[in-house]
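Below is one structure; the comments refer to it alone.
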Amino acid sequence: MTGSLWLSLVLSLAIFAQFQVNAASNLVCFYDSEGFQRQGLAQFSMTDMELALQFCTHLIYGYAGVNADNFEMQSINKRLDLEQRHLAQVSSLKERYPHIKFLLSVGGDADLNDGNQYIKLLESGQQGHKRFIESARDIVRRYNFDGLDLALQLPRNKPRKVHGDVGSAWKSFKKFFTGDFIVDTESETHKGQLTSLIKDLKAALNQNDLLLSLTVLPNVNSSWYYDAPSIAPSLDIINLGTFDFLTPQRNPEEADFSAPMYETVGQNRLGHYNVNFQLEHWLLQRVPANKLHIGIATYGKSWKLSKDSGDSGMPVVTATQGPAPAGPQSKKEGSLNWAEICQLMPNPSNINARGPGAPVKRVIDPTKRYGSYAFRAADENGDHGLWISYEDPDSAASKAKYAKDRNLGGVALFDLTQDDFRGQCTNDRFPMLRAIKYRLL
Ligand SMILES: *[C@@H]1O[C@H](CO)[C@@H](O)[C@H](O)[C@H]1NC(C)=O
């Protein structure tokens with residue numbers, strides 16, 4: 001064999017080896033510190049965290065915020081983060097888990113102080129950008145994190161009714177063309193400002209060998225805000241918030257799959273409300289697949305069914321009445337964690353129950369294209385109707401397989417504290433996390 005042939009063989013082997021290492025091996029674990037402060041069975045402890053860490057490649061601590069007056073990054077829960085030293089407590093786990101990258105995330109829909117501070121930050125010019133960048137780098141370094149995650153709270157896609165009579169369809173058609181669906185008329189300008197912020201931020205972080213990750217929050221339209229080809233070289237990781245496409249808060253009057261893999265055909269649904277579309281959007285702009293992570297939620301979305309919603313349960317379900325009541329553990333309207341959903345499935349202790357404790361009927365999607373749902377029709381008084389779109393360990397595993405098949409960087413889990421970390425469902429602690437991990441291996 002000639003030298004050059006050898007060389008090309010060695011080179012292609014090297015490329016192949018690198019490819020093997022990079023593709024779909026990351027499991028980015030989001031940790032919302034709110035979970036640490038929940039009460040009772042939902043309280044997530046540092047012991048739980050350590051059990052989870054053996055499955056994660058990255059741990060992202062949520063969330064810091066942005067000061068609306070001076071654009072500095074700041075703690076939005078000083079009592080927990082600083083006084084109780086939770087930031088330092090979490091990052092100190094690095095000593096025992098040196099292979100895991102610890103990042104601090106800013107935004108994540110947890111920063112509710114102003115509501116518009118992220119757009120103001122973009123518009124704040126060189127001066128404001130500099131203050132954000134320097135303060136962010138300071139905090140990341142002071143608390144010994146390996147990098148920063150930008151989960152910027154930018155304006156959302158307007159929720160659009162997927163159903164409707166001809167009259168309202170015509171109205172939405174008209175709205176669309178008269179610009180009512182444009183939630184940000186300055187989005188092109190904001191996109192340019194964001195590009196320069198990201199580039200400058202990465203340059204600053206690089207001086208200290210710190211990572212920069214981007215998290216696209218659910219329903220933030222990537223076409224409007226992210227100039228993918230320009231920002232990708234500055235980003236080590238990109239997490240796509242590919243869930244919560246439909247929620248009882250955004251779509252109170254109709255229930256549908258909240259995180260389908262593929263476009264669910266028919267019934268006037270929107271083509272971009274699925275994992276595959278969102279991923280393709282980034283891939284089509286030649287963003288390296290090994291930087292991209294699809295997001296998987298550990299919770300389900302729950303709507304209240306009315307008598308008029310019928311009893312077939314088949315989505316799109318109409319005449320729903322907004323968010324279902326909060327679960328006994330997670331205590332958030334319209335949302336249930338996997339442990340709570342699992343306990344609503346028929347079992348010996350609930351099989352004869354009535355009212356809010358009555359079992360739900362589970363409808364699994366054998367194609368794994370749209371997701372599973374469970375429901376309980378409203379009773380004769382119109383009470384206790386419930387419809388849940390949820391992820392379970394099986395469907396989460398199938399999303400992980402998709403990430404692997406497409407040679408992505410991997411998967412991002414939102415978040416650890418809503419997985420069944422006590423093993424209430426099947427005695428398996430962190431069933432969602434485990435199912436994903438085994439599929440990525
Ligand atoms: C952004 O919104 C437009 C208009 O609603 C839509 O056509 C497009 O697919 C969206 N982009 C993404 C990445 O979802």
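Position 1 is the first residue of the sequence; numbering continues from there. What you see is a predicted model, and the numbers here were worked out from it, not measured in a lab. Counting convention: from 1, in listed order, for ligands and their atoms alike.
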Pairs satisfying ring-ring contact (aromatic ring centres under 6.0 Å, His included), at least one member in residues 133-155, at least two apart: none

Pair F44 and F36, ring centroids less than 6.0 Å apart: no

S223 N/O under 3.5 Å from ligand 1 N/O: yes

Among L270, N221, L284, closest by any non-hydrogen atom to atom 8 (C) of ligand 1: N221

Partners meeting side chain to side chain contact (heavy atoms under 4.5 Å, CB included) with A396 (sequence neighbours left out): I296, E391, M432, I436

Those atoms of ligand 1 less than 4.0 Å from some heavy atom in Q278: 12 (C), 13 (C), 14 (O)

L433 and T298: CA distance, side-chain angles, deciding distance, side-chain contact (heavy atoms from CB on, under 4.5 Å) verdict: CA-CA 9 Å; L433 182 63; T298 47; over 6 Å; no

